[in-house]
2 protein chains.
Amino acid sequence: MTQTRPKPTGSTGEQLLFLTDEQLRQGIELMFFAYRGFTADPDLILDEHGYGRAHHRALHFINRRPGLTVNNLLDILGVTKQSLNRVLRQLVEDGLVESRTGRNDRRQRNLTLTESGRDLEAALSQAQRARMRRAYSTAGAQAVQGFREVLEQIIDPDMRNRIDRLLESRE
Amino acid sequence: MTQTRPKPTGSTGEQLLFLTDEQLRQGIELMFFAYRGFTADPDLILDEHGYGRAHHRALHFINRRPGLTVNNLLDILGVTKQSLNRVLRQLVEDGLVESRTGRNDRRQRNLTLTESGRDLEAALSQAQRARMRRAYSTAGAQAVQGFREVLEQIIDPDMRNRIDRLLESRE
DNA sequence: ATAATACGTCAGCCTTGTTGACATTCCAAG
DNA sequence: CTTGGAATGTCAACAAGGCTGACGTATTAT
């Protein structure tokens, strides 16, 4: 996610921003309304299948890192195992997710998507990407770069580290 | 994270971007994790007061547009009146929000914050703005501009209109 | 041997969303 | 003046998806 972390190469001094409460409030409201748009399209598909956002998140990250352990997923999602388990159990029962005992450490469960799990994930991803693609295209490449830089800064620092560790590194 | 860079397009007026699924997926994950950070600080304060995000949202928009009607607020928040009413009733009972019968149309209720309502809203806002301020400052002015442009494009078009109508214009 | 870890599960609670039904108040049009 | 519809409030029931606490069971680590 953070393959490029160059300091902003902007022409303006980044420490010298004058940020009014009004400007910041606009950004806050943008985040609020944009997140609604961000989840709107997948939500429609999920609803048809009787699933919710929690299922989407699980499918996404299992697809992202096949073989992910339950503990890893818990760490990424930041929920309790009871909460995740409810969702995960459904997905396994419905044949979208496979949970296999770990080879090295047999206490662990490695999670992967089945064929139909990949199908649903693809449908959800595609819907969500379509909106992002339109937004990116309309806003332009430079705006996208800024979008990414600001969002990265909004994330909790230790979460940033955890993301890199759990999602980017190889075993 | 090695991906072949797609080659640039022939220009068709606006710059057409080649957006790989991988690039879009990174944006999607950034939105997910950033939204968590975005709500983290207010959540801590809300918890101390026994409130949730729904209360924060109500306080925010009532503070934003004092005298807002219930219907306006429903439209902004996109929830049912029953859901909003539960939250609103608490806030009124706790003396944070005042609900006055409309002067022109006495069916309507105009919502305003009381002194202590403004206090809590200010505390929540301040916490949330602090994070945004740090993010903006680190990312720089140009990045902020891009951030805003992309977020605006992610919002549903008719929601964009509604926001302008309900929050920017008169009354 | 014992402790710690990874996982699953049961039970119960909370917030915040949903429908549906119904009452009240009030504006506006016939 | 009557009446339809809009705005609001409220009751009840329900669901998703968070949470805590407790417990059980493999499996690994000390």
Side-chain angles (χ1 to χ4, degrees), chain A residues 32 35-36 39-40 42-60 62 67-94 97-112 166, chain B residues 32 35-36 39-40 42-60 62 67-94 97-111 166 171:
Chain A
F32 170 65
Y35 198 78
R36 277 235 298 261
T39 56
D43 281 354
L44 291 177
I45 299 172
L46 288 161
D47 201 54
E48 294 169 5
H49 293 254
Y51 293 135
R53 276 183 211 171
H55 303 85
H56 186 187
R57 294 195 278 267
L59 290 173
H60 174 94
I62 295 171
L68 196 74
T69 68
V70 173
N71 248 10
N72 287 165
L73 189 51
L74 283 175
D75 203 14
I76 292 168
L77 296 178
V79 297
T80 60
K81 63 174 179 175
Q82 293 93 329
S83 192
L84 175 60
N85 190 254
R86 187 168 28 197
V87 165
L88 221 43
R89 192 168 47 204
Q90 277 183 271
L91 293 173
V92 169
E93 280 171 4
D94 295 351
V97 167
E98 208 170 356
S99 173
R100 285 200 221 87
T101 299
R103 281 201 325 172
N104 298 340
D105 186 337
R106 297 178 41 172
R107 291 170 301 182
Q108 298 180 337
R109 300 291 179 275
N110 293 113
L111 305 169
T112 50
L166 294 174
Chain B
F32 170 66
Y35 198 78
R36 277 235 298 262
T39 56
D43 281 353
L44 291 177
I45 299 172
L46 289 162
D47 201 53
E48 294 169 4
H49 293 254
Y51 292 135
R53 275 182 211 173
H55 302 85
H56 185 188
R57 295 196 277 264
L59 290 173
H60 174 93
I62 296 172
L68 195 74
T69 67
V70 173
N71 245 13
N72 287 166
L73 189 50
L74 283 174
D75 203 14
I76 292 167
L77 297 177
V79 298
T80 59
K81 63 175 178 175
Q82 293 91 331
S83 192
L84 174 60
N85 190 255
R86 187 165 31 199
V87 165
L88 222 43
R89 193 168 48 206
Q90 276 184 273
L91 293 173
V92 169
E93 280 172 3
D94 295 352
V97 167
E98 207 171 356
S99 173
R100 285 200 222 86
T101 299
R103 277 197 326 171
N104 299 340
D105 186 336
R106 298 174 43 172
R107 290 169 302 183
Q108 298 182 338
R109 299 293 179 275
N110 292 113
L111 305 168
L166 294 174
E171 209 266 328

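Just so we're on the same page: letters track the sequence lines, and every chain starts at 1. Keep in mind it's a predicted model, so treat the numbers as computed, not measured.
Scanning residues 77-86 of chain B for heavy-atom distances under 4.0 Å to DNA chain C yields G78(B), V79(B), T80(B), Q82(B), S83(B), R86(B). DNA chain D is contacted by N104(A), D105(A), R106(A), R107(A) of residues 104-112 of chain A, taking any non-hydrogen atom closer than 4.0 Å.
Listed by first and then second residue, the salt bridge (charged side-chain N to carboxylate O under 4.0 Å, His left out) pairs that reach into residues 98-110 of chain A are E98(A)-R100(A), D105(A)-R107(A), sequence neighbours excluded.
Note that the CD atom of E48(A) and the CG atom of D43(A) stand 11.5 Å from one another [nearest 0.5 Å].
Where G52(A) and R89(B) meet DNA chain D, the nucleotide closest to each residue was compared, and R89(B) sits on the side nearer the 5' end.
Using a 4.5 Å heavy-atom threshold, the side chains of L59(A) and Y51(A) count as separate. Using a 4.5 Å heavy-atom cutoff, the side chains of L111(A) and L91(A) are not in contact. Between V87(B) and V97(B), the closest side-chain pair of non-hydrogen atoms is not below 4.5 Å. Within the 4.5 Å cutoff, no side-chain heavy atoms of N110(B) are placed close to those of L68(B).
To the nearest angstrom, C1' of dT15(C) lies 11 Å from CZ of R57(B). Between the CD atom of Q90(A) and the C1' atom of dG8(C) there is a distance of 15 Å, rounded to whole Å. Here the C1' atom of nucleotide dT16(C) and the CG atom of L74(B) are 14 Å apart, to the nearest Å. Separating the CG atom of L91(A) from the C1' atom of dG8(C) is a distance of 16 Å, rounded to the nearest angstrom. Straight-line distance from the CG atom of N71(B) to the P atom of dC26(C): 16 Å, rounded to whole Å.
Tested against R57(B) for a side chain to side chain contact (heavy atoms under 4.5 Å, CB included), the candidates H55(B), R53(B), H60(B) yield a single pass: R53(B).
Contact check, H55(B) against dT15(C): no side-chain N or O comes under 4.0 Å of OP1 or OP2.
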Practice item. Determine, step by step, whether L74(B) and N71(B) satisfy the side chain to side chain contact (heavy atoms under 4.5 Å, CB included) criterion, reporting the C-alpha distance in whole Å, the side-chain angles of both residues, the deciding distance to 0.1 Å, and the verdict. Key: CA-CA 5 Å; L74(B) 283 174; N71(B) 245 13; 3.7 Å; yes
Review point. Yes or no on side chain to side chain contact (heavy atoms under 4.5 Å, CB included) for L88(A) and I62(A), after CA distance, side-chain angles and deciding distance?
Key: CA-CA 11 Å; L88(A) 221 43; I62(A) 295 171; 4.0 Å; yes
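Looking at heavy-atom distances under 4.0 Å, T101(B) makes no contact with the nucleic acid at all.
Residues passing the ring-ring contact (aromatic ring centres under 6.0 Å, His included) test with Y35(B) are Y35(A), F38(B), sequence neighbours excluded. Residues meeting the ring-ring contact (aromatic ring centres under 6.0 Å, His included) test with F32(A), sequence neighbours left out: F61(B).
Nucleotides of DNA chain D lying under 4.0 Å from heavy atoms of chain B occupy a range whose first and last members, 5' to 3', are dG5(D) to dC11(D).
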